[in-house]
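Shown next, in structure tokens, is the structure this report addresses.
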Amino acid sequence: MIDLTKYLEDFPILQRTVRGGNRLVYLDSGATSQKPEVVIAAESNFYRKHNSAVHRGAHLLAEEASLAYESARENVAKFIGAEIVETIFTKSATESINALAYSFSNSEPGSKFHLKSGDEILVSEMEHHANLIPWQQLAKRTGAKLRWFEVTPEGRLDLSKISELINKKTKIVAITHQSNVLGSITPLSKITAAAKSVGAIVVLDACQSVPHFEVNVKKLDVDFIAFSGHKMLGPTGIGVLWGRQSLLEEMPPFLFGGSMIDSVTMEQSTWAELPRKFEAGVPNMAQAVGLSAAVDYINQIGISNIHEHENQLTKALLAGLAHMQGVKVIGPTDLTERGAVVSFTVDGIHPHDVGQVLDQYGIAVRTGHHCAWPLMRKLNVVGTTRASFHLYNSISDVEKLLEGIAQVQSYFKVNK
Amino acid sequence: MIDLTKYLEDFPILQRTVRGGNRLVYLDSGATSQKPEVVIAAESNFYRKHNSAVHRGAHLLAEEASLAYESARENVAKFIGAEIVETIFTKSATESINALAYSFSNSEPGSKFHLKSGDEILVSEMEHHANLIPWQQLAKRTGAKLRWFEVTPEGRLDLSKISELINKKTKIVAITHQSNVLGSITPLSKITAAAKSVGAIVVLDACQSVPHFEVNVKKLDVDFIAFSGHKMLGPTGIGVLWGRQSLLEEMPPFLFGGSMIDSVTMEQSTWAELPRKFEAGVPNMAQAVGLSAAVDYINQIGISNIHEHENQLTKALLAGLAHMQGVKVIGPTDLTERGAVVSFTVDGIHPHDVGQVLDQYGIAVRTGHHCAWPLMRKLNVVGTTRASFHLYNSISDVEKLLEGIAQVQSYFKVNK
Amino acid sequence: MELDSLYQEVILDHYRNPHHKGLSGEFDVQVKHNNPSCGDEVTLNLSISNGVIKGISWDGVGCSISMASVSMMSDLVIDQQYSRAVEILNQFTSLMQSKGQSKGDEELLEDAVAFAGVSKFPARIKCALLGWMAFKDASSQAME
Amino acid sequence: MELDSLYQEVILDHYRNPHHKGLSGEFDVQVKHNNPSCGDEVTLNLSISNGVIKGISWDGVGCSISMASVSMMSDLVIDQQYSRAVEILNQFTSLMQSKGQSKGDEELLEDAVAFAGVSKFPARIKCALLGWMAFKDASSQAME
Ligand SMILES: Cc1ncc(COP(=O)(O)O)c(C=O)c1O
Ligand SMILES: Cc1ncc(COP(=O)(O)O)c(C=O)c1O
């Protein structure tokens, strides 16, 4: 039994009280995580001591800022088993994925990134909007066709048609590593093997995986991954795009401006080496430094300890919900290939109302379509209530939630 | 005579010593500004007390975070005389300008944003790469032609050919408000009048103006402006795109994902109302809050006081440089239509070496091409040394710089 | 409990037994509105003749606040002059923006004053307004 | 002063009176390298025959460090076997990465050990390497 309770005091926000004078039971880490003091301090410390534009000045502060920023890159790269030059800072996973989609649009005919009518892009019905709409719009811009894996009633990817869906026309497979609604983890190896056999590029939305279990880009055998800092104890305003070096070298850039150039005339420009080619402008330096502090913090606890801890909480919550009348889990009900995100519905009560009553008890959950509207339609629900964990949650949070749901039912006088 | 010395103590970084045990003489605010404690604290405070994904949860933290984020928008909008819904948060000016260029590419034939062969985009030779390359690449993508205002030997925009350059084919005029190299301020009204007469859209790069003097978008009569938070005492990782409401409503979005949608199916999506249409994903919330604190701080001192203070310093520096043998100011040498950015060259010494010796005396300047490579070629210099001011500089900083330049000359034994 | 100011009994009643729900085949204008952040949807059919709101029928999915609000809105505006309906609409909108400071004009809003408590919950204001915005859209289209 | 470790007299001498500067018409390979962050540029002409570096001529604009470094590099590798030149190149590169911890192998690097101080100034390392990278590029092209 992993006990992480001693870490709770590292999170200043958990010391405050919320509605009704209750302690904060924060079960919305799937949307954004809370930050330990060391992360907040790392960002502040950068501003207080080293702030200066990186890569640009001849002076000491510029030197220190560049060192801080590049060390952050190195640290994040190591965390995901990547090469340093393959690790690109963006503002968010959303930007990372859009950057890819635009880089594809920007590529010349003949390049492996160039899409045209007849080509196919494959996603799934359980994608977050951030890993659906950029591809939908890329398809629209290029004439390529968007196709998708369906979702089974149990909330798993339906791979039964994989050999038809991944075919010679498939140029991109963009898939989530873990559903932000269902918690189900994608059986990646089947997909990467099929994609490889047809030469398709695999893009992984790792927003819900990197913060919660070990992700090693080399082992995964995908081509690109995207994730956000704010879901992994890091600051807002920072994300990562990782890609295989050879692909990133071949791929045209996305944002144009300072620091990403090799030479510039009024007529034309050439691009800098990796990773700068993909980082135009003065970067989100303090946020990169904060993210690096978050990585240090996670490493100190151990990502596998965090994972096991979250598994324990998920198990307890699933067990508790299984005993409740009128409550239905949306997604896998056991721990096989699932993470610490649990969606459920309460008969007769709209998720928004469930969330509102829970809030009265200090319990912060997320309600609605979770930016996965097509999935809601597919599963025939108007939305769900979602509890999601991180290392700072405890078994007492699970108990509070279970009690809270019972209160919701009695508040709305639904027949259990 | 404005005296802002009492504000120096608000900036923690100014309390540290740098190379050679010297106090920091920070003359690189044109690249990025330093942050007062209130800005640093605003960001930290958001993480410590209110951090949560905006617009998404039913819980108290989400409510507080949304309020903080939207109040920041309101505050920034007011600062530039804009409507709230017209004020869009990006990660930087670079992103803001690229967003525009991509939104243009994304628009349908027939829309006023649609460019095609025969159309013209007008920039100037003094643009920062961030306001040049996005348009150069847009021209390349659409077949439109990139044209430019030249720069006079005095470092002013050469408007002599304006009636030829702004013609019926001109669809976009993208121009800097103040050169980040020369300090010269663009005589905007002539340009906006000409652009209006042919129906061209005017995009203003306000990176070097908003932080230093009053910018009111209504008075300027431009269509879009872009600027960065980090140059105006705010955090890194936050920028602003402002546009006229009617144009923003017509313009297609740029980044696709969560929060920017009205409805989503696997096949197609429709977009949210302004400003959300242009803000995909969990935003850089803490940075928006930090920027808002920077705006409060500037308002408290008064932007016109800051402007006048910087004018005094610029005047003193220009006067001092005028007396130095072998030192040449690159850009206007009087205060007419110029801001607090002063570039110069020192005969016989490369700017990089000038900067290095100054650094030894604790003086932080910027050296090189300042992301304006075409301008360097035009002015026939390999680069310049640039000193740029903000409110926390003092006349003693100017004296230090002047003494420093003399030291540089004697260190390299150049004949003065 | 703070919650009770949000979930007034009359709101829950309308939620459980909504009025005018179920789309009728007769209408002059049909509109569909939704709330993208939570997924609530309402389709509203409006009949109007000689400047009088003759009928409203609607269907939708959403939380108690949004559904009860469409239900009460329908009760309030049916058989009213368009101008009077707009007055009620404006009253309701400003009640929602009152941040808990207003009790609402009972003469105009009748049972809908029960929504006063919603104005203290910023995230729920758009729920309460969903049906009203649909009505605003439909009626202004009809009056064009 | 810390600066003196950067700007050694011999570096400033080469900067003021660079060797092998001015492009000769005879060469096997020509390369152009630049340093996008500061704008330094060097064009390098290389002649090589039977695995021996026969001649280098160059032109360029840049700071004292970058220009002095191309000058000294030229002195060092001209008339050397390619393999020996690569050894010198590698030595110089690792000296630059030594963060001030190494003095450099004087037997191989001769006067270029004067650049040891540069390794303490991270922003200047790429200046010192510009010419060497150009040589690396040109010579490996020539040996292909
Ligand atoms: C005139 C001008 N435009 C654009 C930029 C780009 O700003 P950022 O790097 O913050 O995106 C800068 C600053 O570097 C600038 O000075
Ligand atoms: C699976 C998944 N993909 C993408 C995103 C988008 O991340 P962000 O909003 O940080 O860009 C999220 C989170 O909202 C997510 O859960």
Side-chain angles (χ1 to χ4, degrees), chain A residues 12-13 16 18-19 28 31-32 34-35 40 43-44 47-49 51-53 56-61 91-92 94-95 98 102 128-130 133-134 136-137 148 230 235-238 255-258 261 264-266 269 280-282 284-287 352 355-356 359 364 366-367 371 373-374, chain B residues 12-13 16 18-19 28 31-32 34-35 40 43-44 47-49 51-53 56-61 91-92 94-95 98 102 125 128-130 133-134 136-137 148 230 235-237 255-258 261 264-266 269 280-282 284-287 352 355-356 359 364 366-367 371 373-374:
Chain A
I13 207 169
R16 69 165 275 186
V18 286
R19 198 109 63 192
D28 198 14
T32 199
Q34 297 304 342
K35 327 299 177 200
I40 302 171
E43 220 181 317
S44 303
Y47 293 131
R48 289 207 181 96
K49 303 233 176 91
N51 177 65
S52 168
R56 294 193 177 185
H59 51 79
L60 182 71
L61 289 184
K91 74 171 176 181
S92 63
T94 298
E95 189 194 359
N98 278 275
Y102 278 111
H128 187 282
H129 294 162
I133 313 179
Q136 197 180 69
Q137 298 298 314
W148 51 86
H230 69 89
T236 59
I238 181 99
L255 291 183
F256 304 99
I261 54 98
V264 180
T265 66
M266 292 307 290
S269 311
V282 173
N284 35 9
M285 303 174 290
Q287 292 72 43
H352 217 144
Q356 191 76 56
D359 182 47
R366 183 129 178 247
T367 64
C371 298
W373 217 336
Chain B
I13 206 168
R16 69 166 276 186
V18 285
R19 198 108 62 191
D28 197 14
T32 198
Q34 297 305 341
K35 328 298 177 199
I40 303 171
E43 219 182 317
S44 303
Y47 294 131
R48 289 208 180 96
K49 303 235 176 88
N51 177 65
S52 167
R56 293 194 176 184
H59 51 81
L60 181 71
L61 289 184
K91 74 171 175 181
S92 63
T94 299
E95 190 194 359
N98 279 275
Y102 279 110
E125 278 180 341
H128 187 282
H129 294 161
I133 313 180
Q136 195 181 71
Q137 298 298 312
W148 49 87
H230 69 89
T236 60
L255 292 182
F256 304 99
I261 56 100
V264 180
T265 66
M266 292 307 290
S269 311
V282 172
N284 34 10
M285 304 174 289
Q287 292 72 43
H352 216 143
Q356 190 77 54
D359 182 46
R366 182 127 181 251
T367 65
C371 299
W373 217 337

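Quick note on labels: first sequence line is chain A, next is B, and so on, each numbered from 1. All heavy atoms count here, side chains included; hydrogens, waters and symmetry mates do not.
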Min side-chain heavy-atom separation B:W373-A:S269 under 4.5 Å: no

What are the two closest non-hydrogen atoms of [X] and [Y], and how far apart are they?
X      : Y      : result
A:T94  : B:A280 : CG2-CB, 3.7 Å
B:C371 : A:G258 : SG-CA, 3.8 Å
B:P374 : A:T265 : CG-C, 4.0 Å
B:N284 : A:G237 : CB-CA, 3.8 Å

[atom1]-[atom2] distance between [X] and [Y], expressed to the nearest 0.5 angstrom:
X      : Y      : atom1 : atom2 : answer
B:L255 : A:Y102 : CG    : OH    : 6.5 Å
A:S52  : B:R366 : OG    : CZ    : 9.5 Å
B:H59  : A:D28  : NE2   : CG    : 3.5 Å

Examine whether an atom of [X] lies under 4.5 Å from a heavy atom of chain B, and if so say whether it belongs to the side chain, the backbone or both; otherwise answer neither.
X      : answer
A:L61  : side chain
A:R16  : side chain
A:Q137 : side chain

Hey, does the side chain of A:Q34 reach the backbone of B:N51 with a donor-acceptor pair shorter than 3.5 angstrom?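 Yes; judged by distance alone, with no hydrogens or angles, the pair exists.
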
Given a strict heavy-atom distance threshold of 4.5 Å, which part of B:L60 is in contact with chain A: side chain, backbone, both, or neither? both

Cut-off 3.5 Å, side chains only: do A:T236 and B:Q287 have a donor facing an acceptor?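 There is such a pair (donor and acceptor under 3.5 Å, judged by atom type) between the side chains of A:T236 and B:Q287.
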
Any idea which of B:H129, B:R19, B:H230, B:R48 has the most non-hydrogen atom pairs under 4.5 angstrom with chain A? B:R48

Options B:G281, B:P235, B:G257, B:A286, ranked by heavy-atom pairs under 4.5 Å with chain A, top entry: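 The answer is B:G257.
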
Against chain B, work out which of A:E43, A:H128, A:E95, A:M285 has the most heavy-atom pairs shorter than 4.5 Å and name it. A:E43

If you tally heavy-atom pairs under 4.5 Å between each of A:P134, A:G355, A:S92 and chain B, the highest tally belongs to A:P134

Check step by step if side-chain contact (heavy atoms from CB on, under 4.5 Å) holds for B:Q136 and A:F256. CA-CA 9 Å; B:Q136 195 181 71; A:F256 304 99; over 6 Å; no

